[in-house]
Amino acid sequence: MYNILDTIRNRRTTRSFTDEIIKEEELMTLLEAGRYAPSGHNDQPWFFTVIQNYEMIKDLNEKSKKTLNPNDEFVNELLARSNHDLFYGARTVIIVSYNDEAVSQIEGVSAATQNICLQAEAMGIGTCWNGLVKRALGEVYRDELTEKYNIPEGHTPYFAIAVGYIKNKNTSKIERKGHYFEIIK
Ligand SMILES: Cc1cc2nc3c(=O)[nH]c(=O)nc-3n(C[C@H](O)[C@H](O)[C@H](O)COP(=O)(O)O)c2cc1C
């Protein structure tokens, strides 16, 4: 039996990256993990756009912040923690887009994103699944950014994943729900 449960349990969101860019072969392994995700109707709705241009990452950070709700307590807490960098210093950001024709779009890109995060954990690489880019990528700056990032026609950019080597390990305690299943026989 493979022991993937340790990888699942050990994975934590990284919110502090070094400024070193991950190796190309490591990046390719992460993308391969994304590619092997399950998808409704086997649509494989994902397209990965890897941004390693730091000016572009900073620009996406600024644009994304402009689209956030300032009255949202969770958002404000995150912004304070990240010193206003939604990507926490990561020098690789993977934008995950879905094919507009796919049956299970969000499910597909979510499965692919989780595969990438787990594979990264197994390789000692940090990731932060980022949902706060959604409005900037998919609505407010959509035309400008899809052109800039060469997102394929008929695709909607939806998530980003910040990827890099871990500077400070996330050691915060997370309470996992105790009552989370029931077995009916
Ligand atoms: C759909 C989704 C969107 C998320 N967006 C963000 C985000 O924008 N910024 C961030 O710091 N963490 C983000 N996270 C990470 C969660 O905050 C994190 O997974 C959760 O707090 C549990 O912590 P853990 O990943 O360390 O177990 C996101 C997670 C998911 C699944």
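Note that ligands are numbered from 1 as they come in the structure, with each ligand's atoms numbered from 1 the same way. Note: hydrogens, waters and symmetry copies are ignored here, and every other heavy atom, side chains too, is used.
Checking L145, I161, I51, T146 one by one against I95, the side-chain contact (heavy atoms from CB on, under 4.5 Å) holds for a single residue, I51.
Checked for salt-bridge contact, K58 and E55 meet the test: a charged N lies under 4.0 Å from a carboxylate O.
Connectivity analysis of hydrophobic side chains (ILVMFWY, heavy atoms under 4.5 Å, direct or indirect) links I21 to nothing; its cluster partners are none.
For Y165 and E26, the side-chain atoms include at least one donor-acceptor pair closer than 3.5 Å. In the model, T156 has a side-chain atom that pairs as donor or acceptor with a side-chain atom of D100 under 3.5 Å.
Near ligand 1, R11, R12, T13, R15, L78, Y88, C128, W129, N130, G131, L132, F159, N170, I174, R176 each place a heavy atom less than 4.0 angstrom from the ligand.
Closest approach of F47 to H155, counting heavy atoms only: CB-CD2, 3.9 Å.
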